[in-house]
Amino acid sequence: MSHDAVSVIRTKRDGGELSDGQIDWVVDAFTRGIVADEQMSALAMAILWRGMTRRETARWTAAMIGSGSRMDFTDLPRPTVDKHSTGGVGDKITLPLAPLVAACGAAVPQLSGRGLGHTGGTLDKLESIPGWRADVTVPRMREMLADPAIGAVICAAGADLAPADKRLYALRDVTGTVESIPLIASSIMSKKIAEGTAALVLDVKVGSGAFLKTVEGARELATAMVELGRDAGVDTVALLTAMDTPLGRTAGNALEVAESVEVLAGGGPADVVELTLTLAREMVAQAGLHIDPADVLADGRAMDHWRAMIQAQGGDPDAALPVAKHTEVVRAESTGVLTGLDAMGVGIAAWRLGAGRARQGEQVQAGAGIEMHAKPGDAVVTGQPLLTLHTDTPDAFGHAAAALADAVTIESASDGKPGELVLGRIG
């Protein structure tokens, strides 16, 4: 049966279900340039309004995977497991987590991205390490994953991995259709399933600094992604985690790398350590391994794997990290308890300082970002340093300060404790 773009758009516009044939055709035709951008934009808007059933979403995801190649690591001598975060502020968890889980005996093929807007990108962070390269060939990935001294790779996805998603994502970004749950779920899961991992842990962020602001929205997305993974034969679980306050005490690129190394060395902020170990335990269990990641972190094995992984990608784990040329301190305006440090405000400020980008392809500053000297629940006194802003472009300080104007809340007293980090589990 022959298909055409207008009839596919009309079907969804009028609330109908797309057939498997319609989905396969439109994704393939869009990838090959037969369906025009404006037609796919119209279809994306119809999907945003009308939604998709579980069957439609699974088929759409399969068609996105089918637009390119699919990696296969089933022949590796160790079980594969990966993690994906929907993105937040100060979310450097991938950096200590991948080598930790590798040190526990799993292979971790972590395909990561670059930051956009207020959320930082894992590759931007790692690229602040002198010499480190994000591009790794599939044969080299296989070598690193099979090597018992490395076992993990964090790199950019190749151009032939779900190319339909790359094209569609760029369109959704400029047509106001990013928020569609089926399209978000299929975008994330098409790349993760194509990556060839046997198991997957999803970290779905909830709160002011997250893409999803409510637990209900996060639960809906997490459920859709867990279903897609399981339908495709990937053992998938999801955790809903809090993102009203930034993770750790840094937001930036080199600043977050330094904090991640602290965690691997047995220190680091309690929230980063807690979430790293929580996700590691989920991943280790899915890989069928019987070992406590806390022991592996404590005895230095995770650090050994980090150093080996960085070196294998051209980086120097002993090199000094870049430092911004200019700093400015934000001080407490009153005495009391810091009850709020808004993740979105901090994320936007870090972006304005040069740690993030407004458009794909823009350069970021390795040393830019924010250090947080106090977190919610801490007592503070007037004049005490709360934040240090880092940038190479001092003109940015005013713009960053504007983003932070309502981000800090100090009250005379607080009976509340910092909230839970893990808000729920699905699967």
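Among pairs with a residue in residues 261-280, those fulfilling side chain to side chain donor-acceptor pair (under 3.5 Å) read D271-K375, at least two apart in sequence or across chains.
R219 has no carboxylate O lying under 4.0 Å from a charged side-chain N of E216, or vice versa, which leaves the two without a salt bridge. Salt bridge absent: D295 and R301 never bring a charged side-chain N and a carboxylate O closer than 4.0 Å. A salt bridge links R140 and E143; the closest N-O separation between the charged side-chain nitrogens and carboxylate oxygens is under 4.0 Å. Using a cut-off of 4.0 Å between Lys/Arg side-chain N and Asp/Glu carboxylate O, R32 and D28 are scored as salt-bridged.
Heavy-atom minimum distance, A107 versus L76: CB-CD1, 4.1 Å. For M243 against A343, the heavy-atom pair with the smallest separation is O-CB, 3.6 Å. Shortest non-hydrogen contact noted between A164 and V27 is CB-CG1, 3.9 Å. Listed here is the closest heavy atom pair of T80 and G196: OG1-O, 4.1 Å. Across all their heavy atoms, K191 and L161 have their closest contact at O-CD2, 3.9 Å. Of all heavy-atom pairs spanning E179 and F211, the tightest one is CA-CZ, 4.0 Å.
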(message) If you apply the rule side chain to side chain contact (heavy atoms under 4.5 Å, CB included), what do you find for L255 with R249, and how did you get there?
(response) CA-CA 9 Å; L255 292 170; R249 291 184 176 267; over 6 Å; no
(message) What verdict does the side chain to side chain contact (heavy atoms under 4.5 Å, CB included) test give for K12 and V8, after you've listed the backbone C-alpha separation in whole Å, the side-chain angles of each residue and the deciding distance to 0.1 Å?
(response) CA-CA 7 Å; K12 183 49 67 181; V8 174; over 6 Å; no
(request) Begin from the C-alpha positions of R59 and E56 and carry the test salt bridge (charged side-chain N to carboxylate O under 4.0 Å, His left out) through to its verdict. (result) CA-CA 5 Å; R59 188 70 178 208; E56 284 177 293; over 6 Å; no
(message) The test is side chain to side chain contact (heavy atoms under 4.5 Å, CB included); show your working for V89 and W351 and say whether it passes.
(response) CA-CA 10 Å; V89 180; W351 166 27; over 6 Å; no
(request) Just do the side chain to side chain contact (heavy atoms under 4.5 Å, CB included) check on D91 and E256 with the steps written out, would you? (result) CA-CA 8 Å; D91 182 9; E256 292 194 44; 5.7 Å; no
(request) For the pair D72 and T74, evaluate side-chain hydrogen bond (donor to acceptor under 3.5 Å, both in side chains) and give the outcome as yes or no after the intermediate values. (result) CA-CA 6 Å; D72 182 5; T74 50; 2.7 Å; yes
(request) Let me see the working for D14 and R50 under salt bridge (charged side-chain N to carboxylate O under 4.0 Å, His left out), right down to the final yes or no. (result) CA-CA 8 Å; D14 296 340; R50 294 293 194 171; 5.5 Å; no
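Heavy atoms from other residues, nucleotides or ligands lying under 6.0 Å from CZ of R55 number more than 12. Remark: D299 CG is packed, more than 12 non-hydrogen atoms of other residues, nucleotides or ligands lying under 6.0 Å away. H399 NE2: 12 or fewer foreign heavy atoms inside a 6.0 Å radius. Counting non-hydrogen atoms of neighbouring residues, nucleotides and ligands closer than 6.0 angstrom, the CG atom of D20 exceeds 12 such neighbours.
Within the 4.5 Å cutoff, the side chain of I47 has heavy atoms near those of the L43 side chain. Counting heavy atoms from C-beta outward, L389 and L404 have side chains that approach closer than 4.5 Å. At a threshold of 4.5 Å between non-hydrogen side-chain atoms, the residues Q22 and W25 do not count as touching. Side-chain contact between M303 and V261 is present, with heavy atoms from C-beta onward closer than 4.5 Å. At a threshold of 4.5 Å between non-hydrogen side-chain atoms, the residues M64 and T31 do not count as touching. When side chains are defined from C-beta on, E127 counts as touching R114, because their heavy atoms get closer than 4.5 Å. Contact of the V237 side chain with the V201 side chain is registered, since non-hydrogen atoms from C-beta on lie closer than 4.5 Å. Side-chain atoms of C155 and D135, non-hydrogen and from C-beta on, never get closer than 4.5 Å to each other.
Rounding to the nearest 0.5 angstrom, the gap separating the NZ atom in K192 from the OG1 atom in T61 is 14.5 Å. Between the OG1 atom of T197 and the NZ atom of K83 there is a distance of 13.0 Å, given to the nearest 0.5 Å. In this structure, I426 CD1 and M225 CE are separated by 9.0 Å, a value rounded to the nearest 0.5 Å. L97 CG to L279 CG: the interatomic distance, rounded to the nearest 0.5 Å, is 6.0 Å. L239 contributes atom CG, which lies 8.5 Å from atom CG of L202 (distance to the nearest 0.5 angstrom). In this structure, L240 CG and L212 CG are separated by 9.5 Å, a value rounded to the nearest 0.5 Å.
The closest donor-acceptor contact from the side chain of R133 to the backbone of G314 lies at 3.5 Å or more, if one exists at all. Under the 3.5 Å distance criterion, the side-chain polar atoms of D244 are matched with a main-chain donor or acceptor of S208. Listed for the T86 side chain is no donor-acceptor partner under 3.5 Å among the backbone atoms of V204. With D378 contributing its side chain and L338 its backbone, the two residues share no donor-acceptor pair below 3.5 Å. For the pair R230 (side chain) and T236 (backbone), a donor-acceptor distance under 3.5 Å is present. A distance-only check finds a donor-acceptor pair linking the side chain of K92 to the backbone of L247 [under 3.5 Å]. Judged by distance alone, the side chain of H305 and the main-chain N or O of I150 form a donor-acceptor pair under 3.5 Å. A donor-acceptor pair is defined here as one N or O able to donate and one able to accept, closer than 3.5 Å; no such pair exists between the side chain of Q313 and the backbone of V153. D4 places a side-chain N or O within 3.5 Å of a backbone atom of V6 that can act as its donor or acceptor partner. Panel note: side chain R425, backbone G427; a donor-acceptor pair is recorded below 3.5 Å.
With T94 as reference, T122 is the one residue of D203, T122, L126 to meet the side chain to side chain contact (heavy atoms under 4.5 Å, CB included) rule.
At a cut-off of 3.5 Å, with distance as the only test, a side-chain donor of Q365 or T393 sits close to an acceptor on the other residue.
Taking the side chain to side chain contact (heavy atoms under 4.5 Å, CB included) definition, one finds that V323 meets it with nothing, sequence neighbours left out. Remark: A36 pairs with E38, Q39 by the side chain to side chain contact (heavy atoms under 4.5 Å, CB included) rule, at least two apart or across chains.
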